[in-house]
Peer 1: 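Have a look at this one.
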Number of protein chains: 2
Amino acid sequence: MNVPPKNPSETNREYAFRVISENIISLDIEPGSMIGEQEIATVLGLSRTPVHEALLELSKSKIVDILPQKGCLVSMIDSDLIREARFLRITVETALVEDACELATEADLQELEENLQLQEFYLNKDPLKLMPLDNNFHKIIYRICNKMQCHYMVSLMSMHFDRVRNLSLHSVKDLKIVSDHRAIYNAIKEKDPVAARAAFQKHMARFELDWNIICQEYKQYISDGSK
Amino acid sequence: MNVPPKNPSETNREYAFRVISENIISLDIEPGSMIGEQEIATVLGLSRTPVHEALLELSKSKIVDILPQKGCLVSMIDSDLIREARFLRITVETALVEDACELATEADLQELEENLQLQEFYLNKDPLKLMPLDNNFHKIIYRICNKMQCHYMVSLMSMHFDRVRNLSLHSVKDLKIVSDHRAIYNAIKEKDPVAARAAFQKHMARFELDWNIICQEYKQYISDGSK
DNA sequence: GATTCCTAACTAGTATACAAGTTCTTTTTC
DNA sequence: GAAAAAGAACTTGTATACTAGTTAGGAATC
């Protein structure tokens with residue numbers, strides 16, 4: 001388990017939530033493994049209370065499953081939950097990119113452009129930096145549409161999805177993702193909701209291609225009835 | 001504050017969450033009022049711990065705002081959050097009713113039909129029973145589409161929306177809501193996604209009509225910049 | 001009288017202690 | 001030796017105690 005330092009501005013509970021989340025998404029904590037509150041509390045140098053509260057929040061998105069008096073099970077990769085997370089993101093964000101065509105100000109477009117510049121910069125240099133930039137690109141679109149609470153809800157569920165994104169191979173795919181973002185940006189800039197919708201759906205469809213490969217490769221992490 | 005008995009199958013935390021939620025949605029706890037953990041714990045006959053955890057979960061949907069070392073503020077009715085909740089419901093459930101046309105089995109249709117019978121039965125007898133039936137009608141559609149996790153996320157945000165639904169007057173409106181549900185059901189039964197989509201959007205549009213009236217009537221509960 | 005400062009009474013965040021349930025090992029029993 | 005019973009060693013749920021920060025009121029000061 002990877003333990004970054006505590007940010008002084010965050011509470012112990014927020015710190016515990018952040019560290020556990022990151023380790024689950026990065027697969028440093030293996031799907032299907034059991035984690036104990038005491039064990040994590042000791043590693044983080046905290047008492048059980050903030051760790052308990054962090055796990056409680058994580059259990060709401062079913063990324064962990066608290067088994068009373070037994071322990072806390074980190075969920076296996078579950079195709080049904082990934083399907084739900086993907087459905088939610090596609091449905092919500094498709095509507096958002098359309099709205100963004102109307103709502104985006106010059107400053108908003110500049111923020112997106114700046115994010116895209118960084119994506120293109122890191123594309124060949126340090127692809128690991130792409131995922132946070134990708135996440136932020138989508139987050140900016142929520143902010144443009146004043147839907148930050150929706151963003152929080154969608155993010156929570158997206159953890160299932162993010163964990164698999166980490167398994168996908170980089171290289172060619174990264175190139176396409178960045179150019180997808182560029183296409184979405186152009187459509188918003190041109191205030192063309194039809195093009196924005198099309199570009200976004202093309203973007204999200206890329207994931208489907210990888211799913212079968214990932215299923216083969218990492219089947220020890222994938223729960224039962226996933227095809 | 002209205003305190004129903006504790007269901008033996010629920011934990012103290014779940015009990016606290018249920019009671020606080022219900023009292024906020026029913027407006028028995030007034031928007032804008034402060035509530036203390038100790039105060040609620042005493043009323044419910046619990047310690048602060050489960051109440052604290054319940055409030056923590058409620059704060060995630062911004063229905064309460066925890067002010068550290070000060071207290072817990074029950075949020076004012078906030079038009080921005082209602083707009084988000086409505087956006088999320090409309091966006092997600094519009095997609096769902098389309099999918100339901102394909103996915104609904106005979107047993108599913110029967111469950112919807114049964115719910116509709118009850119709605120029509122209580123329409124003139126006991127309109128207060130309509131809201132749980134309404135909620136359940138929508139929940140069944142999530143279940144048909146295997147999107148229960150989405151349902152949980154949408155429900156959490158819908159609390160903002162539900163609190164206002166409680167303010168809307170009954171009578172004529174109830175009649176229309178029940179017939180809307182019937183129309184959605186018929187479209188799903190006929191496997192007609194276009195009709196389902198149209199019926200659902202007409203259904204959700206009814207709310208807009210009430211908003212201005214409610215704003216006038218209950219402005220003491222409504223936060224700042226709501227028009 | 002108005003202002004400043006200090007103290008006492010609040011609050012939520014967190015640590016610790018205990019209760020209750022699960023699991024696995026050991027001991028007893030046949 | 002096999003099976004059943006007992007108990008020790010875990011787990012999370014919850015109560016309690018303490019910490020630290022906020023607020024309000026009264027005393028001291030000008």
Side-chain angles (χ1 to χ4, degrees), chain A residues 1 3-21 23-24 29-76, chain B residues 1 3-21 23-24 29-76:
Chain A
M1 184 156 153
V3 181
K6 178 170 178 288
N7 182 329
S9 71
E10 64 193 349
T11 64
N12 289 350
R13 165 173 18 105
E14 290 163 342
Y15 175 57
F17 181 83
R18 180 168 65 87
V19 175
I20 301 168
S21 299
N23 278 279
I24 290 177
I29 299 179
E30 284 194 24
S33 62
M34 292 287 275
I35 54 181
E37 294 180 355
Q38 188 55 254
E39 167 197 354
I40 292 177
T42 305
V43 172
L44 299 188
L46 306 171
S47 79
R48 267 183 60 215
T49 304
V51 174
H52 176 71
E53 290 170 353
L55 288 172
L56 216 51
E57 184 177 350
L58 285 167
S59 75
K60 297 301 170 185
S61 62
K62 291 224 176 78
I63 197 72
V64 303
D65 190 8
I66 298 175
L67 309 171
Q69 276 74 42
K70 285 169 75 175
C72 185
L73 177 68
V74 177
S75 75
M76 296 284 267
Chain B
M1 185 155 152
V3 181
K6 178 169 180 286
N7 181 329
S9 71
E10 66 193 346
T11 64
N12 290 350
R13 170 180 4 111
E14 289 163 343
Y15 174 57
F17 181 83
R18 180 168 65 86
V19 176
I20 300 168
S21 299
N23 278 279
I24 289 176
I29 299 178
E30 284 195 23
S33 62
M34 291 287 277
I35 53 181
E37 294 179 355
Q38 187 56 255
E39 168 197 353
I40 292 178
T42 305
V43 172
L44 299 188
L46 305 171
S47 79
R48 269 183 58 217
T49 305
V51 174
H52 176 71
E53 290 170 353
L55 287 173
L56 216 52
E57 184 177 350
L58 285 167
S59 74
K60 295 301 171 186
S61 61
K62 292 223 175 78
I63 197 73
V64 303
D65 188 9
I66 297 175
L67 310 171
Q69 276 75 42
K70 283 168 76 175
C72 186
L73 177 69
V74 178
S75 74
M76 297 284 268

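What's counted below: heavy atoms across the whole structure, side chains too, no hydrogens, waters or symmetry copies. Every chain is numbered from 1 and lettered A, B, ... according to where its sequence line falls, protein lines coming before strand lines. In this text the structure is predicted, and so the values were computed from the model without any measurement.
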Peer 1: Is B:Thr11 touching bases, backbone alone, or none of the nucleic acid, heavy atoms closer than 4.0 Å?
Peer 2: sugar-phosphate
Peer 1: Considering every strand and a 4.0 Å limit on heavy-atom distances, what is the contact class for A:Arg13: base, sugar-phosphate, or nothing?
Peer 2: sugar-phosphate
Peer 1: Could you check how far CG of B:Asn12 sits from C1' of D:dT14, rounded to whole Å?
Peer 2: 7 Å
Peer 1: To the nearest Å, how far apart are A:Leu67 CG and C:dT22 P?
Peer 2: 11 Å
Peer 1: On the nucleotide C:dT14, are OP1 or OP2 found under 4.0 Å from the side-chain N or O atoms that A:Thr49 carries?
Peer 2: no
Peer 1: Which whole-number value in Å describes the distance from B:His52 NE2 to D:dG13 C1'?
Peer 2: 14 Å
Peer 1: Quick check for you: to the nearest 0.5 Å, what is the distance between A:Ile63 atom CD1 and A:Leu73 atom CG?
Peer 2: 11.0 Å
Peer 1: Would B:Met1 and B:Val19 count as a side chain to side chain contact (heavy atoms under 4.5 Å, CB included) if you check the C-alpha gap in whole Å, the side-chain angles of each, and the deciding distance to 0.1 Å?
Peer 2: CA-CA 9 Å; B:Met1 185 155 152; B:Val19 176; 3.7 Å; yes
Peer 1: Go through the N and O atoms of the side chain of A:Gln69 and the base of D:dT12, and report whether any donor-acceptor pair is under 3.5 Å.
Peer 2: yes
Peer 1: Name the closest nucleotide to the A:Cys72 side chain, picking from D:dT12, C:dA12, D:dA15.
Peer 2: D:dT12
Peer 1: Need one value for B:Ile35: base, sugar-phosphate or nothing, where a base atom within 4.0 Å counts as base even if backbone is also close, heavy atoms only.
Peer 2: sugar-phosphate
Peer 1: To the nearest angstrom, how far is A:Arg48 atom CZ from C:dT16 atom P?
Peer 2: 12 Å
Peer 1: Rounded to the nearest angstrom, tell me the gap between atom CD in A:Glu10 and atom P in C:dG13.
Peer 2: 15 Å
Peer 1: Roughly how many Å is it from CD1 in B:Ile40 to C1' in C:dT11, rounded to a whole number?
Peer 2: 13 Å
Peer 1: Whole Å only: how far is the CG atom of B:Leu73 from the C1' atom of C:dA12?
Peer 2: 14 Å
Peer 1: Evaluate the side-chain proximity of B:Arg13 to B:Leu46: yes if any heavy-atom separation is below 4.5 Å, no if none is.
Peer 2: no
Peer 1: Whole angstroms only, please: what is the NZ-C1' distance between B:Lys70 and C:dC10?
Peer 2: 13 Å
Peer 1: What do the steps show when you test A:Phe17 against A:Thr11 for side chain to side chain contact (heavy atoms under 4.5 Å, CB included), and what is the final call?
Peer 2: CA-CA 10 Å; A:Phe17 181 83; A:Thr11 64; over 6 Å; no
Peer 1: Nearest 0.5 Å, what's the CD1-CD1 distance between A:Ile40 and A:Ile29?
Peer 2: 5.5 Å
Peer 1: Just to be sure I understand the rule, does B:Leu55 reach a base, reach only the sugar-phosphate, or reach nothing, if contact means heavy atoms closer than 4.0 Å?
Peer 2: nothing
